[in-house]
Amino acid sequence: MLNLVLFGPPGAGKGTQAILLAKKFNLVHISTGDLLRQEIADKTELGRLAAELIDKGEFVPDDVVISMIESRLKKPRCTVGFIFDGFPRTVAQAIAFDKLLTKHHSKVSVMLCLVVEKQELVDRLHKRGLTSGRCDDLETATIEHRIDIYNEKTAPLITYYESQGKYYPIPGMGTIGEITENLIQSIEKFNTRPITVR
Ligand code: AP5
Ligand code: MG
């Protein structure tokens, strides 16, 4: 089973690239941000909690996110693997994720980290904020806060995966097509087993 963690700060292009890679390699795309926004749209209790936190650029509690992932992994499906976008996001989530995958006789294959300059992140999110309807894209202060939280709580995962020999930095500046090509090449180099390509 191929388990790709697509990593990077807010606006790095995780969602954009995850959709393209999922199609290319026939993977199931799991985005915790998308799952939480669906809970908000469905007006569930979890959605109400999530909305308050997401709008301020804060994280949803680890246990909530981990149980969301657990229920997704339990769903029986025929796939060669998964691409995780926006998860794990804290060291506690990464440890819980490793335990969960071990229970499923699986493990994280590789962590691909999109490297993008801060000003480019802010510009992309501002631009998306004009049309996305995402409250967390509207204010510069909220965007900067999301980037600060990434640096404080999420970036330490680089060391976590590096120590397991699974960290692969990928340049995230340039056109979407160039970045996809780079990611595909890295996945094909790293993954020596045959992948069903659509
Ligand atoms: P989430 O939805 O994961 O948001 P995020 O990580 O802040 O990142 P984005 O989705 O904004 O950026 P992205 O890297 O996916 O880039 P994208 O492809 O969209 O999480 C939202 C919130 O949910 C969190 O703040 C938190 O509150 C909560 N949450 C989620 N997961 C959680 C977890 N595990 N634990 C706790 N809380 C959690 O691209 C951005 C824009 O740039 C787009 O407009 C795109 O078109 C454009 N773009 C992409 N690539 C390029 C390029 N190469 N050139 C120019 N523009 C580009
Ligand atoms: Mg995203």
Side-chain angles (χ1 to χ4, degrees), residues 4-22 29-41 46-73 82-97 100 108 111-157 160 170-183:
L4 303 179
V5 171
L6 194 53
F7 192 83
K14 302 182 294 296
T16 305
Q17 297 296 339
I19 291 167
L20 299 168
L21 295 175
H29 172 205
I30 297 184
S31 153
T32 41
D34 289 349
L35 292 174
L36 290 166
R37 281 184 288 276
Q38 190 57 52
E39 295 283 341
I40 295 171
L46 167 55
R48 274 190 289 277
L49 164 79
E52 262 182 50
L53 295 165
I54 290 177
D55 290 357
K56 288 189 281 188
E58 302 289 342
F59 282 179
V60 170
D62 288 336
D63 57 337
V64 171
V65 179
I66 292 157
S67 69
M68 255 175 21
I69 292 287
E70 192 164 14
S71 72
R72 285 298 173 300
L73 290 182
F82 294 87
I83 182 157
F84 296 90
D85 153 13
F87 178 88
R89 229 172 169 104
T90 62
V91 172
Q93 288 181 20
I95 293 169
F97 189 37
L100 194 58
V108 168
M111 184 265 236
L112 299 158
C113 177
L114 292 168
V115 181
V116 179
E117 286 163 18
K118 183 176 174 188
Q119 192 54 52
E120 172 75 7
L121 300 173
V122 174
D123 292 347
R124 285 183 191 176
L125 295 178
H126 261 311
K127 195 169 163 206
R128 186 177 61 186
L130 300 174
T131 53
S132 68
R134 276 181 62 165
C135 294
D136 57 346
D137 284 346
L138 289 178
E139 305 285 338
T140 306
T142 314
I143 292 174
E144 299 242 353
H145 184 56
R146 286 162 63 197
I147 296 172
D148 288 346
I149 293 195
Y150 167 84
N151 287 327
E152 184 197 332
K153 295 186 174 169
T154 310
L157 287 180
Y160 181 86
I170 306 282
M173 305 280 286
T175 68
I176 291 172
E178 285 163 356
I179 299 162
T180 313
E181 221 19 72
N182 248 328
L183 284 162

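Every number for a ligand or one of its atoms is a count from 1 in the order of the listing.
- At distances below 3.5 Å, at least one donor-acceptor pair connects side-chain atoms of Arg89 with backbone N or O atoms of Gly86.
- Here Thr140 pairs with His126 under the side chain to side chain donor-acceptor pair (under 3.5 Å) rule; sequence neighbours left out.
- Arg124 places a side-chain N or O within donor-acceptor distance of the main-chain N or O of Ala12, the cut-off being under 3.5 Å.
- Every residue was checked against the side chain to side chain donor-acceptor pair (under 3.5 Å) condition with Arg72, not counting sequence neighbours, and none meets it.
- Few gaps surround CD on Glu144; more than 12 heavy atoms of other groups in view lie less than 6.0 Å from it.
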With a 3.5 Å cut-off and sequence neighbours excluded, list the donor-acceptor pairs that the side chains of residues 49-57 form with protein atoms.
none

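- Every protein residue with a heavy atom nearer than 4.0 Å to ligand 1 is included here: Pro9, Pro10, Gly11, Ala12, Gly13, Lys14, Gly15, Thr16, Thr32, Gly33, Leu36, Arg37, Ile54, Glu58, Phe59, Val60, Val65, Gly86, Phe87, Arg89, Gln93, Arg124, Leu125, Arg128, Arg134, Arg146, Gly174, Thr175, Ile176, Ile179.
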